[in-house]
Amino acid sequence: MNVENAKKELTPDLLYIEDIERVCNEMALKLHDTVVHQLNRKGAVVGISGGIDSSTTLALSVKAFGAENVLGVILPETESSSDSELMARRLAARFGIEAVVEHITDALRGFGCYERRNQAIKKAIPEFNPLTDKSKIVINQSAERNIPPLFSVTVVSPNGEEKRKVLSRKDYLQIVASSNFKQRTRMSMLYYYAETLYYAVIDTPNKQEVEQGFFVKHGDGGADVMPLAHLYKTQVYQLAKHLGVPGEIIDRIPTTDTYSAEQTQEEFFFQMPYSMVDLITYGVENNYSVQEIAASVGKTEEETGNIIASLKRKRKTTAYLRSGPLYF
């Protein structure tokens with residue numbers, strides 16, 4: 001930790017990268033050397049969804065390997081937002097890479113992804129009609145309360161009417177496990193292309209997603225390299241702007257693109273804006289007091305202490321996701 005920085009007032013400015021050109025060059029060089037010299041691969045495969053993290057990862061990969069050595073894979077399914085595929089196509093065109101589209105709906109049906117998930121939803125809301133209604137999972141309470149999260153399923157009818165029901169632990173786990181087929185199927189397809197081309201799979205999670213466990217083990221958390229894993233989301237946006245990611249992607253609200261009903265990352269997982277999560281985490285990691293952190297994010301000391309406790313709890317309970325196989 002820089003002693004001078006510790007004396008500065010805790011503000012979002014501390015999260016910004018001063019020499020962004022140098023940092024981008026160093027990251028691209030490290031990515032290139034890691035893939036070519038450590039992994040002995042020739043290029044990069046990146047799953048692109050029109051989201052900020054995958055778009056920044058793609059842009060960095062192009063800087064590292066050249067557009068001719070990067071493949072973008074677009075992986076829609078029947079419940080994906082149509083905007084995701086459209087923006088991913090535009091992103092590929094913007095950076096001049098080859099992109100392929102693989103629709104994974106049939107594979108998901110084969111796994112029983114939708115059927116297993118809908119079965120659990122109907123236990124909570126019997127009138128749920130999967131042919132016409134949309135659904136999503138949301139967290140009920142705020143992170144400002146120092147209690148474990150309570151999850152509900154929300155069903156949205158064609159006329160926009162919403163019904164919400166708190167989920168039992170069993171039904172919640174079945175919905176999540178079923179939905180995770182999506183990320184694991186996508187990763188399988190990325191490795192198909194990586195192996196045919198002798199490329200490496202470049203993953204997209206940022207620092208908060210890795211540390212808080214906002215990924216699927218052996219799904220979007222399984223890859224060869226994670227070049228953004230040390231960056232706060234705030235810094236990912238800074239890299240995106242510098243690397244030329246289209247403004248429509250930068251301005252887009254981060255979503256999970258997992259459930260059929262529209263759902264932001266905030267309502268499903270983080271429970272607060274990413275900018276607040278970043279600043280609080282930075283404050284904790286750099287030994288700012290709870291009082292200083294509270295003042296920086298406009299919360300009371302009690303609320304801030306509860307948020308910090310919640311972040312630490314998530315990090316502890318998701319340690320399993322970050323562990324590799326245990327060898328005996």
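Reckoned from all heavy atoms, side chains included, excluding hydrogens, waters and symmetry mates.
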Item to check | Over 12 non-hydrogen atoms of neighbours within 6.0 angstrom of CD in Glu248 | outcome: yes
Next on the checklist: Grouping I, L, V, M, F, W and Y whenever their side-chain heavy atoms are under 4.5 Å apart, do Val236 and Ile250 come out in a common cluster?
Outcome noted: yes
Checklist entry - Heavy-atom count around Lys122 NZ within 6.0 Å, excluding the residue itself: above 12? => result yes
Checklist entry - Would you say the side-chain atoms of Gln174 pair up with the backbone N or O of Arg116, donor to acceptor, closer than 3.5 Å? => result yes
Next on the checklist: Looking at Glu127 and Lys163, is there a salt bridge between them, counting it only when a charged N and a carboxylate O are closer than 4.0 Å?
Outcome noted: yes
Checklist entry - Under 3.5 Å, side chain of Glu209 to main-chain N/O of Asn206, donor-acceptor pair present? => result yes
Next on the checklist: With a 4.5 Å cut-off on side-chain heavy atoms, are His218 and Arg184 touching?
Outcome noted: yes
Item to check | Nearest-0.5 Å distance, CD1 of residue Ile48 to CZ of residue Arg90 | outcome: 13.0 Å
Next on the checklist: Quick check: do Ser135 and Val156 have side-chain heavy atoms less than 4.5 Å from each other?
Outcome noted: no
Item to check | Sub-4.5 Å side-chain heavy-atom contact between Thr57 and Pro227 | outcome: yes
Item to check | Worked check of side-chain contact (heavy atoms from CB on, under 4.5 Å) between Ile52 and Thr56 | outcome: CA-CA 6 Å; Ile52 188 68; Thr56 305; 4.1 Å; yes
Item to check | Trace of the side-chain contact (heavy atoms from CB on, under 4.5 Å) decision for Leu14 with Lys8 | outcome: CA-CA 8 Å; Leu14 294 180; Lys8 293 181 180 179; 3.7 Å; yes
Checklist entry - Is there a donor in the side chain of Asp133 and an acceptor in the side chain of Ser157, or the other way round, less than 3.5 Å apart? => result no
Checklist entry - Between the side chain of Ser84 and the main-chain N/O of Ser80, is any donor-acceptor distance below 3.5 Å? => result no
Checklist entry - Quick check: are there more than 12 heavy atoms from other residues, nucleotides or ligands sitting under 6.0 Å from NZ of Lys134? => result no
Checklist entry - Do other residues, nucleotides or ligands put more than 12 heavy atoms under 6.0 Å from Glu301 CD? => result yes
Item to check | Side-chain touch Met276/Ile280, heavy atoms, less than 4.5 angstrom | outcome: yes
Checklist entry - Would you say Gln212's side chain and Phe214's backbone share a donor-acceptor pair under 3.5 angstrom? => result no
Checklist entry - Ion pair present between Lys182 and Glu79, side-chain N to carboxylate O less than 4.0 angstrom? => result yes
Next on the checklist: Evaluate Leu167 against Leu150 for side-chain contact (heavy atoms from CB on, under 4.5 Å), listing each step before the verdict.
Outcome noted: CA-CA 8 Å; Leu167 289 164; Leu150 187 65; over 6 Å; no
Next on the checklist: Checking side-chain polar atoms at under 3.5 Å, does Ser152 have a donor or acceptor matched by the opposite partner on Arg164?
Outcome noted: no
Checklist entry - Are any non-hydrogen side-chain atoms of Leu71 and Val46 less than 4.5 angstrom apart? => result no
Next on the checklist: Would Glu26 and Lys30 count as a salt bridge (Lys or Arg N to Asp or Glu O under 4.0 Å) here? Give the steps.
Outcome noted: CA-CA 6 Å; Glu26 289 176 352; Lys30 184 175 182 179; over 6 Å; no
Checklist entry - Are the side chain of Ser310 and the backbone N or O of Asn306 linked by a donor-acceptor pair below 3.5 Å? => result no
Checklist entry - Looking at Glu102 and Arg186, does any basic side-chain N land under 4.0 Å from a carboxylate oxygen? => result no
Next on the checklist: To the closest 0.5 Å, what do you measure between CG (Asp13) and CD (Glu18)?
Outcome noted: 10.0 Å
Checklist entry - Does Arg315 offer a backbone N or O that forms a donor-acceptor pair with the side chain of Arg322 under 3.5 Å? => result yes
Checklist entry - If you look at every heavy atom in Pro12 and Leu279, which pair is closest and at what distance? => result N-CD1, 3.9 Å
Checklist entry - Below 4.0 angstrom, N of the basic side chain to O of the carboxylate: do Asp106 and Arg109 qualify? => result yes
Next on the checklist: Would a single hydrophobic cluster contain both Ile74 and Val62, if residues Ile, Leu, Val, Met, Phe, Trp and Tyr are joined by side-chain heavy-atom contacts under 4.5 Å?
Outcome noted: yes
Checklist entry - Got a donor-acceptor contact below 3.5 angstrom from the Arg94 side chain to the Gly244 backbone? => result yes
Checklist entry - Would you say the side-chain atoms of His242 and Glu21 include a donor-acceptor pair closer than 3.5 Å? => result yes
Checklist entry - If every non-hydrogen atom of Pro205 is compared with every non-hydrogen atom of Asp220, which pair is closest and at what distance? => result CG-O, 3.8 Å
Checklist entry - Is there a path from Val201 to Leu60 through hydrophobic residues (I, L, V, M, F, W, Y) whose side chains come within less than 4.5 Å of each other? => result no
Checklist entry - Are Val176 and Val216 in one and the same hydrophobic cluster, where Ile, Leu, Val, Met, Phe, Trp and Tyr link if side-chain heavy atoms are under 4.5 Å apart? => result no
Next on the checklist: Donor-acceptor pair, distance only, cut-off 3.5 Å: does the side chain of Arg89 make one with the backbone of Val101?
Outcome noted: no
Checklist entry - So, the side chain of Lys217 versus the backbone of Ser323: is there a donor-acceptor pair under 3.5 Å, distance only? => result yes
Item to check | Within 6.0 Å of CZ in Arg22, more than 12 heavy atoms from elsewhere | outcome: yes
Checklist entry - Is it the case that one hydrophobic cluster holds both Phe65 and Leu197, taking links as side-chain heavy atoms less than 4.5 Å apart, direct or via other members? => result no
Checklist entry - So, for Phe95 and Ala59, which heavy atoms are closest and what is the spacing to 0.1 Å? => result CZ-CB, 3.5 Å
Checklist entry - Judged by modelled atom types alone, do Ser289 and Glu292 share a side-chain donor-acceptor pair under 3.5 Å? => result yes
Next on the checklist: With a 4.0 Å cut-off on N to O distance, would you call Lys233 and Asp53 a salt bridge?
Outcome noted: yes
Checklist entry - Checking Arg117 side chain against Ile175 main chain: does a donor-acceptor pair fall under 3.5 Å? => result no
Item to check | Polar side chain donor-acceptor pair, Gln208 to Asp278, under 3.5 angstrom | outcome: yes
Item to check | Test item: Lys165 and Val155 side chains (from C-beta on) under 4.5 Å apart, heavy atoms | outcome: no
Checklist entry - Strictly by modelled atom types, are Asp224 and Tyr191 linked by a side-chain donor-acceptor pair under 3.5 Å? => result yes
Checklist entry - Could you walk me through whether Tyr114 and Thr105 pass the side-chain contact (heavy atoms from CB on, under 4.5 Å) check? => result CA-CA 10 Å; Tyr114 308 112; Thr105 300; 3.9 Å; yes
Next on the checklist: Within the structure provided, determine whether Val45 and Ile202 are in side-chain contact (heavy-atom separation under 4.5 Å).
Outcome noted: no
Checklist entry - How are the rings of Tyr288 and Tyr282 set to each other: parallel, tilted or perpendicular (split at 30° and 60°)? => result tilted
Next on the checklist: Is it the case that the side chains of Tyr199 and Arg41 hold a donor-acceptor pair, with the cut-off being a distance below 3.5 Å and no angle test?
Outcome noted: no
Checklist entry - Does a side-chain heavy-atom distance below 4.5 Å link Cys24 with Ile20? => result yes
Checklist entry - Could you state the interatomic distance from CZ (Phe215) to CE (Met187), rounded to the nearest 0.5 Å? => result 11.0 Å
Checklist outcome for this item: Correct closest heavy-atom pair for Gly47 and Ser54 would be O-CB, 3.4 Å
Next on the checklist: Using the ring centroid of each side chain, check whether Tyr274 and Tyr232 are separated by less than 6.0 Å.
Outcome noted: no
